[in-house]
*Asks:* 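Pasting a structure here, questions to come.
Values reported hereafter were calculated over all heavy atoms of this structure, with side chains retained and with hydrogens, waters and symmetry mates removed. Atoms within each ligand, like the ligands themselves, are counted from 1 in listed order. Note that the numbering runs from 1 along the sequence shown for the chain. Keep in mind that what you see is a predicted model, and the values were worked out from it rather than measured.
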Amino acid sequence: MATVSYTRMADMTEADLKLLEADAAADARELPGRLMDAVAQLERFQGADKVTRLEHSLQSATRAHRAGKDKEYVAATLLHDIGDTLAPHSHGEMVAAVLRPFVSERVCWIVQKHALFQAYYYAHLMGEDRNARDKYIDHPFYDDCVEFCEHFDQNCFDPDYDSLPLEFFRPIVEEVFRRPRNAADDLEFVAP
Ligand SMILES: [Fe+2]
Ligand SMILES: [Fe+2]
């Protein structure tokens with residue numbers, strides 16, 4: 001494969017950029033597959049829960065699909081905990097960063113804030129404020145995040161639920177993550 005002419009980006013030429021863009025396009029086509037792999041790897045994580053993190057994610061996405069949510073919402077629901085392994089203390093932020101170029105601001109915000117909103121179900125058991133999420137009570141997506149946690153997250157630890165298999169969601173993930181529609185990283189354009 002042809003390689004660029006530079007060793008520091010300050011020396012990059014337009015020809016170099018074209019080479020990079022071709023490679024980035026190929027790389028982008030593989031993104032949905034890498035995201036599916038990230039979901040599959042959640043199989044290794046269970047802890048004391050009755051289901052693995054993978055089963056939890058499948059249950060979340062299945063419930064969202066059966067509730068009639070659109071593909072973007074279902075894909076985000078499937079992916080909402082893939083940050084657990086690398087960002088256990090900020091996984092919502094991490095997954096929101098993955099989603100941001102591809103989904104609506106609303107769906108991105110739901111995933112970004114879901115850990116705080118989900119704490120409603122257990123924070124009081126630790127002597128903490130279960131209503132800490134109410135600092136966002138006037139936010140336009142507050143009710144959406146409450147709904148996500150109530151119907152598609154806190155209730156998805158049931159070993160007897162008939163979740164759809166991971167492969168059912170592959171075409172949905174492929175469609176949603178086919179091409180970015182929003183710029184990110186403070187850029188004015190969608191990066192190659
Ligand atoms: Fe989570
Ligand atoms: Fe979750």
*Asks:* Is the Fe ion (ligand 2) less than 2.8 Å from an N/O/S atom of H56, whether that atom is in the backbone or a side chain?
*Replies:* yes
*Asks:* Under 2.8 Å from the Fe ion (ligand 1), is there any N, O or S atom belonging to D153?
*Replies:* no
*Asks:* Is a salt bridge present between E175 and R170, judged by a nitrogen-to-oxygen distance below 4.0 Å?
*Replies:* no
*Asks:* Is the shortest distance from a Lys or Arg side-chain nitrogen in K71 or E174 to a carboxylate oxygen in the other one below 4.0 Å?
*Replies:* no
*Asks:* Please note down the angle at the Fe ion (ligand 1) between NE2 of H114 and OD1 of D81, to the nearest 10°.
*Replies:* 100°
*Asks:* Can the ring centroids of H91 and H80 be said to lie less than 6.0 angstrom from one another?
*Replies:* no
*Asks:* Please find out if the Fe ion (ligand 2) and some N, O or S atom of H80 are separated by less than 2.8 Å.
*Replies:* yes
*Asks:* So, are K50 and D158 salt-bridged, with charged N and O less than 4.0 Å apart?
*Replies:* no
